[in-house]
Protein chains: 4
Amino acid sequence: MPPNASRRSERSRRAILDSALDLVGEVGYARTSIEGIAARAGVGKQTIYRWWPSKGAVLLDALLALSEGEEGEVEDLPDTGDLEADLKLVMRATVAELTDPRYDAPMRALATEILHDPALRAQWSERLDGPLRRLKEERLRSAQAAGELPGELDIALAIDLIWGPVFHRWLQSEAPLTAEFADQVVASAMHGLRG
Amino acid sequence: MPPNASRRSERSRRAILDSALDLVGEVGYARTSIEGIAARAGVGKQTIYRWWPSKGAVLLDALLALSEGEEGEVEDLPDTGDLEADLKLVMRATVAELTDPRYDAPMRALATEILHDPALRAQWSERLDGPLRRLKEERLRSAQAAGELPGELDIALAIDLIWGPVFHRWLQSEAPLTAEFADQVVASAMHGLRG
Amino acid sequence: MPPNASRRSERSRRAILDSALDLVGEVGYARTSIEGIAARAGVGKQTIYRWWPSKGAVLLDALLALSEGEEGEVEDLPDTGDLEADLKLVMRATVAELTDPRYDAPMRALATEILHDPALRAQWSERLDGPLRRLKEERLRSAQAAGELPGELDIALAIDLIWGPVFHRWLQSEAPLTAEFADQVVASAMHGLRG
Amino acid sequence: MPPNASRRSERSRRAILDSALDLVGEVGYARTSIEGIAARAGVGKQTIYRWWPSKGAVLLDALLALSEGEEGEVEDLPDTGDLEADLKLVMRATVAELTDPRYDAPMRALATEILHDPALRAQWSERLDGPLRRLKEERLRSAQAAGELPGELDIALAIDLIWGPVFHRWLQSEAPLTAEFADQVVASAMHGLRG
DNA sequence: GGATAACCGAGACGGTACGTCCGGTCTTACC
DNA sequence: GGTAAGACCGGACGTACCGTCTCGGTTATCC
């Protein structure tokens, strides 16, 4: 899809992603402009338009680059045999990330941008949400196999029941998003699903 | 707060709210501009700026006007003594509204605008979300009093557990938002909370 | 043709014309941009685009405003009864203007822009060249009536013969444009035409 | 001045000159870009920048190549002993060339470009205008020697008097440039000069 | 019932950013 | 080492809207 990726300047790519994240953190997503990103990155606007279709796409890449830089890149959800304990661990990590100031602003921005830009949503699904969702499905199926969850349980429903309250509180509610809340959500959801 | 509401032209007010809703429906929120609303409403831009602080505020009013026009204006959540049945009823209505094409686009738009505009969020909380939330709390407390829910239950947590999955699926997931899903979420959440 | 001339800001109009002339004088026509004019004039770009169709049109107006400011606004060519003497006077004035540094750069620029922009050429003809040409025709016809020129002489040809060499040297030749040259051209052309 | 002319691709050179002429003819000089020429010629931009300093320089070469292709490459102005007749012949040929659609657009373009680009002007003088001017001077001096023109006549002045009206009408006037006009200009100018 | 003040439509204004085009330079791979 | 290809930084284009600011015209109170 990109013009000719082989000749692409890695230097400019990094500068653009860094500048985008910095600007979103400093002035917010709405006041972050492509022009501003280009200027701060010391890059021509065309270099951004050549490789990304929109401001949101730049931010998505920036966010992916950021999480790839982390050591704890999740390969698999923990599977100790105790689903509830494992999910609490995972959910606390999720809450920690969602409240990390480095991630919070750009991720909120992306989450809303996705609602208006189908192309961006497709990218997000393919590169961020999809892989994560597959890990969740895997872990839940493993729990089904182990008898921790009913065999006939609808996995997609289960995922929304477990993670939905957390994401809802993150984006839509004014109540605080804490580790305790994560634990309570997991406990309650697990209890509800086990029936 | 408004200059002098008594002299306000009701005709212009209606035309603005209608045009705003129409435009959001036709071209999407992002491509709806104040200038566009003014032009379609046959109104000077200043008339919009005089009475509303932002595009989102216009839309919030438009949405409120829309739901006030409905007959089924909710005064109280049903309370038949069977919490689960009552909630299923309520949740099905919510899902119906969220998937109604007249509401869907503007409500999604508003939901995201709120994330970036604190003043708008305050209005939203005060005039839409707050009243609803109070009804939910009331109904849940009534259930506590009736022994259907544990007395020590954190009501705010309960609300997020029950409604979170639905709103999460509405805004963030690609899975369909159906009446069945509403029922399942309520059933599962209730079972989890009753423990 | 303009949107609504009555509400036009005279202040901005003057600032734009002045800035345009200044910039053409300082950096040349090619490096003068609409953006640059707007910036120097302290004016939004749209204010230029609202009232002028092109950079050349701004310059034409600026030039017209400049010459309107002069006291010696020509109303009629002198007519003392001695055509050759009168024309020498006029031609020396023309040469003086063409070599005046305030006029030279913008007028050269305009003269070339006209070759590529038919709309601009029409304006130029109507507001600058045409009126002047009519004065010339008038004076020559008066000379015909007085018997100083043959009655059957083609006036358009005569004008090109008299003024052509001067404008040619101004724009195309590297030889200097002097008052003596003006005199010689008039003398020689008159002699050629009288035959 | 060019890097190493020996390795130069004749194929590319021709393609560039042809494309330049074609584009100027089709979309005009202003909308002809170096990128456009390169693209149409199937050539890298660098290949143009390596061998020519500017768009105008390409066009000058293209024009020279075009006239070299003509059979009637002027080596000398005709000298039959009748200056007026000779000049009429020459002037009619000039008019024919200036109104030839193949030459007209690019030559107008070049004539104006020269006003803004001193380097190009130097090239133009050296390779097109200068040689022609020398031929004209030669022919006029020959006429002086033959007694057809006064011995003390300023040759440069004479050239401007004879050719000025034609070039002026070509570039600046809206009146048509015809063979009759050429004849009349020569006749009148000759009469004026002979005095 | 005439003055007057607020609202209204219209739209010009100084700005910011858009997404595109092209200038001139540099880099890569090929021949 | 010249070439086709094209990425790069940068500057300007002409457009869309922003939010503010007059303009006249029209109500709708209040003296």
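Note that these values count all heavy atoms, side chains included, but never hydrogens, waters or copies made by symmetry. Naming convention: chains lettered A, B, ... in sequence-line order (proteins, then strands); numbering from 1 in each chain.
- Between B:Leu59 and B:Pro106, the closest heavy-atom pair is CD2-O, 3.7 Å.
- Checked against A:Ser12 for a side chain to side chain contact (heavy atoms under 4.5 Å, CB included), the options A:Val43, A:Leu17, A:Ile48 give a single hit: A:Val43.
- The base of F:dC13 lies outside donor-acceptor range of the side chain of C:Glu35, with no N or O pair under 3.5 Å.
- Listed candidates were F:dC9, F:dC8, E:dC8. Nearest to the side chain of B:Trp51 is E:dC8.
- Atom CZ of B:Arg31 and atom C1' of F:dC17 are 15 Å apart (whole Å).
- Each of A:Lys55, A:Arg13, A:Arg14, A:Arg127 was compared with A:Asp61 under the salt bridge (charged side-chain N to carboxylate O under 4.0 Å, His left out) criterion, and only A:Arg127 meets it.
- Atom CD1 of D:Ile48 and atom P of E:dC22 are 13 Å apart (whole Å).
- Between C:Pro53 and A:Gly44, the residue anchored nearer the 5' end of DNA chain F, judged by the nucleotide with its closest heavy atom, is A:Gly44.
- Interface remark: the D:Gln46 side chain does form a donor-acceptor pair with the E:dC26 base, using a distance-only criterion of under 3.5 Å.
- One donor-acceptor pair, N or O on each side, does fall under 3.5 Å between the base of F:dG19 and the side chain of B:Lys45.
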Are there any protein N/O atoms within less than 3.5 Å of an N/O atom in nucleotides 29-31 of chain E, and if so, which ones and at what distance?
none

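- What separates OH of B:Tyr49 from P of F:dG19 is a distance of 4 Å, to the nearest Å.
- Between A:Arg121 and A:Asp117 there is no salt bridge, since no side-chain nitrogen of the basic residue lies less than 4.0 Å from a carboxylate oxygen of the acidic one.
- Remark: D:Arg8 qualifies as a cation-pi partner of D:Trp52 under the 6.0 Å distance and 45° angle criteria applied to the six-membered ring.
- F:dA12 atom C1' lies 12 Å from atom CD1 of C:Ile37, rounded to whole Å.
- Minimum heavy-atom separation, D:Ala62 to D:Leu21: CB-CG, 3.8 Å.
- In this structure, C:Gly42 reaches the sugar-phosphate backbone alone: every heavy-atom distance under 4.0 Å involves primed, P, OP1 or OP2 atoms, never a base.
- Atom-to-atom, CZ of D:Arg50 to P of E:dT25 comes out at 12 Å; the value is rounded to the nearest Å.
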